Asker: 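Shown below is the structure under consideration.
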Amino acid sequence: MSDTKLMATYRRLPVSFQRGEGCWLWDTHGRRYLDALSGIAVCGLGHAHPKVRDALCKQANELVHTSNLYSIPLQERLGEELVRLAGMHRIFFCNSGAEANEAAIKIARLYGHKKGITNPAIIVMEQSFHGRTLATLTATGNRAAQAGFEPLVQGFVRVPFGDIESLKSVARKSLNVVAVLVEPIQGEGGINIPQQGYLQELRSLCHQQGWLLMLDEIQTGMGRCGRLFAHQLENITPDVMTLAKGLGNGVPIGACLAQGEAAEVFGPGNHGSTFGGNPLACAAALAVIETLANENLAQRAELLGARLLAGFADSLTGVAGIEEIRGQGLMIGIELDRACGTLVGQALDKGLLINVTAERVVRLLPPLILDDQQADQLVTMLSALLKTFLEST
Ligand SMILES: *Cc1c(COP(=O)(O)O)cnc(C)c1O
């Protein structure tokens, strides 16, 4: 690995996977691992799902790419489905989460300019994560990720996550705010779940102020939190919503959906993507959406999440060093009182794939197709690892 020609953007673990099936991955030595991360909330249907695999093979045999200079029937169909499922009006397809958020940010700015606001600002949150392009990095609430990339993009105002009062105070002071960009549950930031009612309050504040409510559902969406989209837990509809990660089950695809005025701001030449919404990616995403519905996987995520939380509460409550066990559906965080990055390698040694984020939070994002036995196995393995770790550090 030391002679790699790849730029050093990742500190990679010393393992390569060769094959996957469902919630299992096999490395190049034939060793099996339980995947409790899904390629960071991407493979919600697990690995090599037959429906996705068949859709991809069929489409690869027919047509992969034509560009958006021509109409793409599969993109139209996927767009119709997603817009209907989300109760929105229009959709733009791209290839990643950061690009989906870039589209949202551009929509907000155009929306502002059309209202005569020449210096539009977007409210973003502390500990947020929105991507690695310059604008989305600026929107991200992590100074370490931004350091060295200055000058950052203008036009962002930051407030604490989950605190409606600080938003109201911005509303009293600023006249150029056009939108709020927020994750329903913060993923990279440490599985931070706002108080119930936060999204509803945000929704009404945005209505009142004429701000666009822009939800980054790149990690929370596609069934992961127990509904197809996390905002459905609070019965609201955003003005703009971004998707990526779980949408293509591993095939790169992102989307920015909008309703109302926000859905109408883009015209020809305002935005675009060469690859965005190509037939191959759309075939994968259509198979994902169909499977999520047919197999009731959002509901399954909710049940599994409850099972996992109960299991962890059972085995870890009262253990010194465990600060909090929290989650919504299959987005689960176990917060410790100390940095715990080394747990990732220890879990790997035991055949378990997990993640640690925000230094002290073990993050679990298992596939939605996890079965009860695998869920229980996850609880047993991870609880044992955590106890050993906490006793020895
Ligand atoms: C992963 C993620 C992104 C960025 O997605 P990329 O596909 O890596 O560009 C943006 N927002 C959230 C909430 C994410 O979890």
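The basis for the numbers below is simple: all heavy atoms, side chains too, and nothing from hydrogens, waters or symmetry mates. Only a predicted model underlies this, so the values are computations on that prediction, with no experimental measurement involved. As the structure lists them, so they are numbered: ligands from 1, and atoms in each ligand from 1.
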Asker: Any idea which protein heavy atom is nearest atom 11 (N) of ligand 1, and the distance to it?
Answerer: D216 OD2, 2.7 Å

Asker: Would a distance-only check, ignoring hydrogens and angles, find a side-chain to backbone donor-acceptor pair under 3.5 Å from Q374 to D371?
Answerer: yes

Asker: What is the nearest protein non-hydrogen atom to atom 9 (O) of ligand 1, stated with its residue, atom name and distance?
Answerer: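 Residue, atom and distance for the closest contact: A98 N, 2.7 Å.
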
Asker: Identify, for atom 6 (P) of ligand 1, the protein heavy atom at the shortest distance, and state residue, atom and that distance.
Answerer: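 Atom 6 (P) of ligand 1 sits closest to the protein heavy atom G97 N, 3.5 Å.
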
Asker: Could you list the atoms of ligand 1 found under 4.0 angstrom from a heavy atom of E183?
Answerer: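 Those of ligand 1 that fall under 4.0 Å from E183 are 13 (C).
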
Asker: Has R31 got its NZ or CZ under 6.0 Å from the middle of the six-membered ring of Y33, at an angle within 45 degrees of the ring axis?
Answerer: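 Yes, a cation-pi geometry holds between R31 and Y33.
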
Asker: At a 4.0 Å threshold, what atoms of ligand 1 neighbour a non-hydrogen atom of N101?
Answerer: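 Counting from 1, the qualifying ligand atoms are 10 (C), 11 (N).
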
Asker: Is there a side-chain contact between L181 and V240, using heavy atoms and a 4.5 Å cut-off?
Answerer: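 L181 vs V240: side chains apart.
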
Asker: Would you mind listing which atoms of ligand 1 come within a distance below 4.0 Å of any non-hydrogen atom of Q219?
Answerer: 15 (O)

Asker: Number the atoms of ligand 1 from 1 as they appear, then name those within less than 4.0 Å of a heavy atom of S96, with their elements.
Answerer: 7 (O), 9 (O)

Asker: If you take the nearest heavy atom of each of E102, H130, E217, which one is closest to atom 10 (C) of ligand 1?
Answerer: H130

Asker: Does any non-hydrogen side-chain atom of Q259 lie less than 4.5 Å from one of T237?
Answerer: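 SC-SC contact between T237 and Q259 confirmed.
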
Asker: Can you report which non-hydrogen protein atom sits closest to atom 3 (C) of ligand 1, along with the distance?
Answerer: F129 CE2, 3.6 Å

Asker: Answer yes or no: is there a donor N or O on one side and an acceptor on the other, between the side chain of T291 and the main chain of A287, under 3.5 Å?
Answerer: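 Checked: pair present.
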
Asker: When you measure from atom 15 (O) of ligand 1 to every protein heavy atom, which one gives the shortest distance, and what is it?
Answerer: K245 NZ, 2.6 Å

Asker: Side chains of H49 and N249: is there a donor and an acceptor less than 3.5 Å apart?
Answerer: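 Per modelled atom types, H49 and N249 side chains form no pair under 3.5 Å.
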
Asker: Give a yes or no on whether the backbone of A100 and the side-chain of E102 come within a donor-acceptor separation of less than 3.5 Å.
Answerer: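 Answer holds: no.
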
